[in-house]
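Would you mind keeping the following structure in view while I ask a few things?
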Amino acid sequence: MGKKRLGHEFYVFLAIVSLSLIIQARSGQFFTLNNIVDLMVSFIVPAIFAMCELIVIISGGMDVSFPAVASLSMFATTKILLSMNYTGNVFFAFLLSGSFGLIMGAINGALISIFNLPALIVTLGTQSIFMGILQGALNAQEIAEIPKVMFDFGNAKLFVATNPLNGLKSNMSSSILILFAVVIITYVFLHFTMWGRGVYAIGGDSNSAIRAGFKVKQIKFSIYCFVGIVAGIAGMTRVCMMQNCQPNNLIGMEMTVIAAVVLGGTSVKGGSGTIIGALLGTFLLTIISNSLLLLSIPTYWQSFFTGLIIIIGTGVTSFQLILSSHRLPSMRKSKNEA
Amino acid sequence: MRKSSVVLILMAIFVCCASFAEGKTYEIAVVPKDATIGWFKRMEVGVKQYAKETGMHAYMKGPSKTDASAQAEVIEDLISAGVDALCVVPIDPVALEPVLEKAMKKGIVVITHEGSTQKNTMYDIEAFDNKEYGAFIMDNLAKAMNYEGKYVTMVGFVTNASHMEWAQGGIARQKEKYPKMQLITADQYVEIQDDPNITYQKAKELFKKYPDLKGIMGTSGHAAPNSAKAIEELGLKGKAFTCGTGLPSQVRTYIKDGTIQYATLWDPADAGYVMCVLAKKILDKQPITNGINLGRKGYEKMILKGNLLIGSGWITLDKNNIDDFDF
């Protein structure tokens, strides 16, 4: 497997390096410690979401509801903590938000696995429902003052990077530890458990997976539960980092995250994809969205430019997939057997 | 000329309203851009206060997201429900023309707010002249920047007509009154997509790109508070400044800790209130003339320009008055 997968990641990596060099050449501000820290901080929430989407796409599905899950979880949690004047540990906020996410994920999972409905359609529907609950039932509006424990966590920093030339400072948010934890957990689940093998097997060929003895329905159900929990945590992370709670703010992010995951070499047909690839794809898009001014792209052309990079990027990745598609199935299977 | 057009409009209104009895309790519906956001929740306060004071059936009903077609649907529903007056804050004036035309044909009084390009409306209420409000923001920014240094402006979207007019009004004021200030023309209108996180990232990027950037003029309500977040983190407090529209709840911390010196605002509750007042006046067939008093501070002497009613309802928020506002 090593050869082929290295290929995808290598191309995305190459794109990142060349883009970085271009930005550095145009602004002289890319390879500075504070800029790298800024990028890492902007990368946290999209990267957590990318882990959700990666697992779903590997399993042959497509989830567009996770920003809605995140929004509803984070909003409900913030509201509850505010109303009870919560002053305890911030861990509880994440636990609560993750639990709300789990409930919503379970609803997605049940519809997809039990009734065998297409994931994209189900999540499109539930996305609307979750946003409807948020806006209708909870009457959501922006919360400008969040509970102090969350505010303090958002302010917490591992270190401060200072640019010696202009004295600009950037804080490395402690929230990056959450990203590390999510990535490690996803990695362990995906590569060291039977469940992870099942995820790849279902994405490759659902029927074969059943014959091979995987409990396909259970695995599918648990995938969406996992996504729910992680989305809830991502939402809470965003609220803490932005230090205010915007109910509509995450919506629309699903498309960027899907693009990032596909950019990282994950096949939309399912069955293949790597964590490194998804992270690199997300990082590439993060760099772009954070460097349009540094690149001196005129305001009116910024969306055009972003779209262009996504098309070129996914195009290159898909081209690589086509080139290696003949070898792909046999190689993966032999790995699964091993 | 102006008088005759007023008479004409009035006659049209008389015809429209002929069926309504004097002294009746009118049903006045206010349609905001997005009923879920703090700004319009505040507007609802004014509408409710109006209803309470006058006994009119005035209420707010709006889409649950900022979506032009959803707003048109809400208006359709209200037309079918038989309201007497519609007070609309249009998301996209062009998209609303057909449905508002339909409402006016049915004899419903239509008033808009922040929709100066709307054709199918009887009057459009503007809290202020857009260019003058922009100039007002610039006055405050200039004061914070000690009248010198480089600056850029931030707009929600470059397609947002009001934001662009504010920015242009601000730039014009700077050129006319503050010669020591300098606009960075390469990035004169930075688009922040009306998103707090993007604003914060763009502000950081701007300070990296222009080490001598001293001021950010905000138009969208997200610009100033999230630029302030960036200024604070970058360690530029006291060296770089931002001023723009800001809800008190969003700028309160920054005004108190001195990252933001001044924020500008108009009170959406006032706008909600005066729309209802105007609707009632039209329904009662009272003349709408230049200098009309709509009963709120800043709206006491409205300027009538065509079908635009323009007030001067802006305020400055600073350390001294920020706690007077509870929204």
Side-chain angles (χ1 to χ4, degrees), chain A residues 26-30 32 34-35 37-39 41-42 45 131-132 134-136 138-145 151 155 157 160 162-163 165-171 173 238 241-253 286 289-300 302-303, chain B residues 34-42 44 63-66 152 154-155 157-159 186-212 221-222 225-226 229-236 239-240 246-253 327:
Chain A
R26 289 202 71 149
S27 68
Q29 287 290 324
F30 190 86
T32 58
N34 69 318
N35 188 52
V37 168
D38 284 346
L39 290 176
V41 170
S42 306
V45 171
M131 285 315 281
L134 186 62
Q135 290 159 341
L138 295 181
N139 209 2
Q141 56 167 313
E142 183 188 317
I143 304 173
E145 279 152 275
F151 187 90
N155 251 352
K157 47 198 178 240
V160 179
T162 311
N163 184 335
L165 291 176
N166 51 21
L168 293 181
K169 296 188 186 78
S170 290
N171 302 338
S173 168
R238 168 54 82 86
M241 288 175 71
M242 281 315 291
Q243 303 185 328
N244 76 14
C245 183
Q246 294 267 347
N248 292 336
N249 179 244
L250 292 168
I251 303 304
M253 212 165 161
T286 306
S289 70
N290 277 278
S291 306
L292 291 166
L293 288 173
L294 290 179
L295 274 166
S296 300
I297 309 275
T299 307
Y300 291 89
Q302 288 181 355
S303 1
Chain B
D34 182 338
T36 63
I37 59 180
W39 186 260
F40 292 107
K41 299 255 171 189
R42 173 69 187 171
E44 195 172 14
S64 54
K65 58 177 176 187
T66 315
V152 295
M154 279 184 175
V155 294
F157 289 94
V158 283
T159 49
D187 283 306
Q188 53 182 338
Y189 309 118
V190 178
E191 186 175 76
I192 57 171
Q193 296 169 33
D194 259 342
D195 179 303
N197 194 38
I198 292 176
T199 311
Y200 164 71
Q201 290 170 0
K202 294 271 180 205
K204 279 184 150 186
E205 217 182 320
L206 282 169
F207 285 113
K208 272 178 240 168
K209 189 172 174 190
Y210 304 109
D212 51 353
H222 292 302
N226 295 291
K229 184 172 156 65
I231 288 173
E232 200 162 52
E233 184 186 328
L234 292 166
L236 291 171
K239 291 178 204 148
L247 272 185
S249 60
Q250 288 174 343
V251 294
R252 185 170 286 122
T253 5
F327 65 98

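All chains are named by letter (A, B, ...) in the order of the sequence lines, taking the proteins before the strands, and each is independently numbered beginning at 1.
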Requested in this report: Kindly compute the distance separating NZ (Lys229(B)) from CG (Leu234(B)), expressed to the nearest 0.5 Å.
Outcome: 11.0 Å
**Report entry** Choice from Arg252(B), Glu191(B), Gln250(B) maximising heavy atom contacts with chain A below 4.5 Å
**Finding:**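 The residue among Arg252(B), Glu191(B), Gln250(B) with the greatest pair count is Gln250(B).
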Query raised in the report: For the residue pair Leu168(A) and Phe207(B), what are the closest heavy atoms and their distance?
Result: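 The pair with the smallest heavy-atom distance is CD1-O, 3.6 Å.
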Query raised in the report: If you count heavy-atom pairs under 4.5 Å between each of Gln29(A), Lys157(A), Met242(A) and chain B, which one has the most?
Result: Met242(A)
Query raised in the report: Hey, which of Pro247(A), Ser291(A), Gly136(A) has the most heavy atom pairs under 4.5 Å with chain B?
Result: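 Among Pro247(A), Ser291(A), Gly136(A), the one with the most close pairs to chain B is Ser291(A).
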**Report entry** Selection from Asn290(A), Val41(A), Thr299(A), Val160(A) maximising heavy-atom pairs under 4.5 Å formed with chain B
**Finding:** Asn290(A)
Report task. Check whether Ile143(A) gets within reach of chain B through its side chain, its backbone, both or neither, counting any heavy atom under 4.5 Å. Result ->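 For Ile143(A), no heavy atom lies under 4.5 Å from chain B.
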Query - Gap between atom OG of Ser303(A) and atom CD of Gln193(B) - 0.5 Å precision - result: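 These two atoms lie 7.0 Å from each other.
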Report task. Check whether Lys41(B) gets within reach of chain A through its side chain, its backbone, both or neither, counting any heavy atom under 4.5 Å. Result ->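 Only the side chain of Lys41(B) comes within 4.5 Å of chain A.
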Requested in this report: Under 4.5 Å, counting heavy-atom pairs only, tell me which of Pro196(B), Ser249(B), Pro211(B) racks up the most with chain A.
Outcome: Pro196(B)
Query raised in the report: For Met131(A), is it the side chain, the backbone, both, or neither that has a heavy atom closer than 4.5 Å to a heavy atom of chain B?
Result: neither
Report task. Hey, could you give me the SG/CD distance between Cys245(A) and Gln141(A), rounded to the nearest 0.5 Å? Result -> 10.5 Å
Requested in this report: Would you indicate whether the side-chain heavy atoms of Phe30(A) and Leu294(A) approach each other to under 4.5 Å?
Outcome: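 The answer is no; the side chains never approach within 4.5 Å.
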Query raised in the report: Taking Leu236(B), Asp195(B), Asp34(B) one by one, which has the highest count of heavy-atom pairs under 4.5 Å against chain A?
Result: Asp195(B)
Report summary line: With chain A, the option among Leu247(B), Thr253(B), Asn197(B) that has the most non-hydrogen atom pairs under 4.5 Å is Asn197(B)
Report task. Pick one of side chain, backbone, both or neither for Asn35(A), based on which atoms fall under 4.5 Å of a heavy atom in chain B. Result ->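 Interface part for Asn35(A): both.
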Requested in this report: Using distance alone, with no hydrogens and no angle criterion, decide if Glu142(A) and Asn249(A) have a side-chain donor and acceptor under 3.5 Å apart.
Outcome: no
Requested in this report: Below 4.5 Å from any heavy atom of chain A, which atoms of Lys202(B) appear? Answer side chain, backbone, both or neither.
Outcome: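 Both backbone and side chain of Lys202(B) come within 4.5 Å of chain A.
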**Report entry** For Glu233(B), side chain to side chain contact (heavy atoms under 4.5 Å, CB included) partners two or more places apart
**Finding:**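 For Glu233(B), the residues satisfying side chain to side chain contact (heavy atoms under 4.5 Å, CB included) (neighbours in sequence not counted) are Asp38(A), Ser170(A), Asn171(A), Tyr200(B), Lys204(B).
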**Report entry** All side-chain hydrogen bond (donor to acceptor under 3.5 Å, both in side chains) counterparts of Lys209(B), not counting sequence neighbours
**Finding:**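 Testing Lys209(B) for side-chain hydrogen bond (donor to acceptor under 3.5 Å, both in side chains), a comparison that skips the adjacent residues, returns Ser296(A), Asp187(B).
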